[in-house]
Structure formats: structure tokens, C-alpha cells
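Right, one structure below, let's go through it.
Numbers here simply count residues along the sequence, with the first being 1. Atoms within a ligand are numbered from 1 in the order they appear, just like the ligands themselves.
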Amino acid sequence: MNHHLARVKANLDSRSSERRTADDLKIPDETITQTLSWSAFSFIKEFNAWKNGESDDSLLNEDGSRGLSWRHELPYDVFESASVDAARALENFASSRNGKRDGPTVGFPHFQSKGKVTPTFRLRNRLSPAHSSSSQSIRFCDPSHLRLPKLGPVKICGPTRKVRRMMEAGRFHVYSATLKQRAGRWTVSLNGVASEFHQAVRSRSTRHLVPVGVDRGIASLCVAADANGASLETFEGVKILRESQRKLKAACRALARTTPGSHGRQQARIRLAKIHRKIANKRSHLVHQVSNSLVTQYQILVIEDLNVSGMMKNRRLSLAVSDAAMGELSRQITYKAKWHGVEVRVVDRYFPSSKTCSGCGVVKSELNLSIRSYCCLTCGLTIDRDLNAAINLARWKEVADVPTVKNFACFSSFET
Ligand SMILES: [Zn+2]
């Protein structure tokens, strides 16, 4: 990656300085250095020539040979995926500058420095889907060993039964395996295409058919309630981050007391990283459980489009919001819903789900975030704040027609 970035940067710099001179001397633009191609294909081709000692700027080794001396020790894919990533990062930068890309502005890619970036690489599965599962270069040799190209069998911790069965039955074709190191442990994720779930799973007869609103609260992870006003489920919040704050604080303090560059600092750093990893794992496990439970039980889910990155900027809220993993939950609900044939309705973020009374439909002008229960002054209803919001979300289509809502300042039309 750095190799390509350095080349592109040098090329851009020399072009801009040459253009300045060319403008001064009135020389046509064609005579200055040509732009490099930023495509992944040209990057791979150039890097292969460089590492094999075939290009002019290849390294000269001590024994007189040219090229990267350790190139045969690594799988070829490692170099290739780095080239592809560099090309993608540059493309994101270019399209962001042209205004062709949505979202936040993307800057020129950073150089990757050792110890600061997560060590990761991709390995490709080399055979076509027509081949049997036993001849794929990425495959399970037994329940706890995954065979990877060049690396051979690698021991896997954790359950593999579902993915193994799908691969053996030809229902999941692996394109690539991504290996990533986090806090001293390697994780592998398999990317590929999988066939749809069986029709019986997708349209289960026991599913709750009334629209279900899911309100992601602060006190609990989320509350599910249906349009009839029945409270269905309350998933307890991920309080792990807060519970682990004490441990985290102690580890941070221990790290701060160590001398930079010492062995003790290294140890303290690892200890802190392990606590962070544990918190992340617990949170991810819980969010997966919740999203799975929602998409398997209900047929229509109504979720709110929350401005999570905006809420994270609020320092008082950020801990609670990141703890509740709000953005991740809606992302998981959206993709898992497709697997199970569940309809997901996303409600506009300006829909006053918390401020509306689920009893009579009156919208309050103000509702402080610290008030945990909703008390209606018109009909006298007292209800849990998150439950009230969940019911309103479930009734979303109906509520949208109530005239009192229409004068809401930011109310706009949205898709169903
Ligand atoms: Zn009311």
C-alpha cells in the first residue's frame, strides 16, 4: 500500500511542480510527466515487476539479486490485496474530490505505519464454484480446522457447524478469507455468496404479523411493541462498557505510569487492549442476539433512522449511545431482514416518536431526555418513554395521517 501511495504522491508532486515551470515557460502540457494509472490492475502489474526485480527501480539485495528477497515467503494474495486496497482508497479520494461520492469528504490515503494499523490481509479462494467443496483452496478439513492457501490448516475457536454445512452442501461459495489481528488474537471472516434461506424459514407461520416498532433507547438496548399497544419485549442495555469502566480506568492509569519503550509498557498496552476486545466481543454478541431474535419473530419491523454520528458528538450522550451500539443494531436488522423475508420500514428521523402520546395522539412540544416515563396531560396516560416511542413507531403509517403531526416543523415525506 505504502509503495503505491509513495509512487502516486511523487508523481502528483512532480507533475504539479513541472506544471508550474511549464506555465512560466509557456511549454505545452504534454511534455510534463504523465499521470500514473490509479487502477488496481496497473498497481498489481507494477508491483509484481518491482518485487520480482524486473523494473528499473527494484531493490538490489546484498547477494546481487534484485527484487523483494522475502516475496516467496508470503502468499501472492497478500501483495495483490494491498494493491487493490490502495487503488480503492485512491478512487474514494478522487471521487470524493469530484463530488461523485456521497458522505463525508475522503482525504488522500494515509501511509500505513507498523504498530498503528490493524494487521490484516486477504486470501482468495482460487477455484470456480463448479468445483466440489473438497477441492476448494479455502475449506474446512474438520470442524475445528480451516484450510487456507499457503498457510495450510488453521485452528479455529468457536462454532463452525452452520457455515461448514452450508459450504459442504454448496450453499455458500467463499470468494475470500480476511484475516485480522485484534489485541493479540487473529480472526478470520469468510466473504462470499450464500443461497437464500429455505422458504419455510423465510415465511414462518408462527410469526407476529402486526407491525412491530423497535425503539432503541438509552436505558435498555431496545424496546419492541406492536401497533395494538402491546409491549412485546425489552432487551436490556449493554451496560458492559459502563461496568468495565472501572477496569478500563485502572488499566489506562497503569499504562500511563509505565516508561515509554519499556517491556512493562508493552505488557500494560496488551492488558488494556484485551479489556477493550472483551467489551467489543460482548457487545457484538448481544447485538447479534437481539437482531436475530427480532427478525425471526416478527414480520414487519419499524425502526427509526437515528443520527448516530450526530449523537456521538454530544459528549454526554456518546458513552450511552456507543454502549447501546445503536447504529450497529439497525444495520444488522436491515441485512438480516433480507435473509428472513422480513419487511423493514425506516421512519424519518424527525418523526416525533417519543413526543407523541400513544393513547390520544397529541404531540408534546418538548420532552427532556432525562424524563424516563411519558405522562400525557390530555388523556392522563402514563407509560414508559421507550415503550411509548415503540408503539408510535409501530403505528407509524397511521400516525402520519393525524393532523396534529402535520404542523411539525421538520416533517417530510418518506418512503415506506
Ligand atoms: Zn394522551
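A salt bridge links Arg331 to Glu328: one of the charged nitrogens lies within less than 4.0 Å of a carboxylate oxygen. Looking at Arg124 and Glu80, a side-chain N of the basic residue comes within less than 4.0 Å of a carboxylate O on the acidic one, giving a salt bridge.
Partners of Thr234 according to the side chain to side chain contact (heavy atoms under 4.5 Å, CB included) rule, which considers only residues two or more places apart in sequence or in another chain, are Ser220, Val223, Glu236. The side chain to side chain contact (heavy atoms under 4.5 Å, CB included) test applied to Cys379 returns Cys357, Cys360, Cys376, Leu381, not counting sequence neighbours. Here Ala49 pairs with Glu54, Ser55 under the side chain to side chain contact (heavy atoms under 4.5 Å, CB included) rule; sequence neighbours left out.
Excluding water, every protein N/O/S atom under 2.8 Å from the Zn ion (ligand 1) is given here by residue and atom: Cys357 SG, Cys360 SG, Cys376 SG, Cys379 SG.
The distance from atom OG1 of Thr160 to atom CG of Asp142, rounded to the nearest 0.5 Å, is 8.5 Å.
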